[in-house]
Amino acid sequence: MAGASGVLLIFAVSLAGVYLTLPDSDYSFLKLPKTIEDLHILREHLESYTSDYTVQVIVGYCTVYIFMQTFMIPGTVFMSLLAGSLFGVLKGVALVVFAATAGASSCYFLSKLIGRPLISTLWPDKLVFFQDQVAKRRSGLLNYMLFLRVTPTLPNTFINFASPIVDVPYRIFFLATSLGLIPAAYVTVKAGIALGELRSIGDLYDIQSIGTLFFIGLVSITPTLINKNKP
């Protein structure tokens, strides 16, 4: 609990620092978007601040994203769309991958402290499956973790929280996260540029996009399958 409280304090101080350096105004529009309509409203208000207070917006954005990832709060897909809308593809992808990796790492270490009883209650079946797969693929664990990150085989929130419990080394976790999230981040951030055309989150991933992600995932795990079949 002390670790979780310390993390919360860091986020609170970071957001307070951002708020205190912004001009006096009505910031009632600042809330976590839960729908595409919420995202439109947030984007419209933040656009002017992005050009005049770029550093504050980036720090605030990353802090919120990392907080959401750390405590498994749903809605990071909206934050990824927002990055594309505000910063464009290259900067948006860089911000999303950085914030998502930092948030996943924060969740990893927090879970290492207090996660075992929680995950055994929340996802007992998934935990058994994941533990079994990790044990089988120790020699090619990086490829397997890349496959999980690229494809929607297991939820990212579960992977973040369960990895330290099933003894996935942090080095492998970090590399798989930072590299494996790039394809999905690119798809989502690019969609954020045409935010006005989106009507629902379902519009993000068509058959072609999902097929591409699975293809990349299969390529990443192929070396493991080849080694496994060697005599």
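Atoms considered below: every heavy atom in the structure, side chains included; atoms not considered: hydrogens, waters and symmetry mates.
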If you group Ile, Leu, Val, Met, Phe, Trp and Tyr by side-chain heavy-atom gaps below 4.5 Å, do [X] and [Y] land in one group?
X      : Y      : answer
Ile159 : Leu181 : no
Val55  : Leu95  : yes
Phe158 : Leu118 : yes

Q) Between Leu127, Ile165, Thr121, which is the residue that forms a side chain to side chain contact (heavy atoms under 4.5 Å, CB included) with Arg116? A)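 Option passing the side chain to side chain contact (heavy atoms under 4.5 Å, CB included) with Arg116: Ile165.
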**Q.** Among Asn156, Leu146, Thr101, Leu148, the one residue meeting side chain to side chain contact (heavy atoms under 4.5 Å, CB included) with Thr177
**A.**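 Filter result, single survivor: Thr101.
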I need the [X] [atom1] to [Y] [atom2] distance, nearest 0.5 Å.
X     : Y     : atom1 : atom2 : answer
Leu39 : Leu32 : CG    : CG    : 11.5 Å
Ile58 : Leu86 : CD1   : CG    : 10.0 Å
Leu46 : Tyr53 : CG    : OH    : 13.5 Å

Q: Answer yes or no: does atom CZ of Phe174 have more than 12 heavy-atom neighbours from other residues, nucleotides or ligands under 6.0 Å?
A: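 Incorrect, the count does not exceed 12.
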Q. Counting only heavy atoms not in Arg171, do more than 12 sit closer than 6.0 Å to its CZ atom?
A.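 No, CZ of Arg171 has 12 or fewer neighbouring heavy atoms, counting only those of other groups under 6.0 Å.
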**Q.** Ser111 side chain vs Tyr108 backbone, donor-acceptor pair below 3.5 Å
**A.**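 Not confirmed, Ser111 side chain does not pair with Tyr108 backbone.
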Q. What orientation do Phe147 and Tyr144 show, parallel under 30°, tilted 30 to 60°, or perpendicular over 60°?
A.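 Rings of Phe147 and Tyr144: parallel, under 30°.
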Q: Not counting sequence neighbours, which residues clear ring pair (Phe, Tyr, Trp, His ring centres under 6.0 Å) with Phe109? List them please.
A: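 Phe109 satisfies ring pair (Phe, Tyr, Trp, His ring centres under 6.0 Å) with Tyr170 only.
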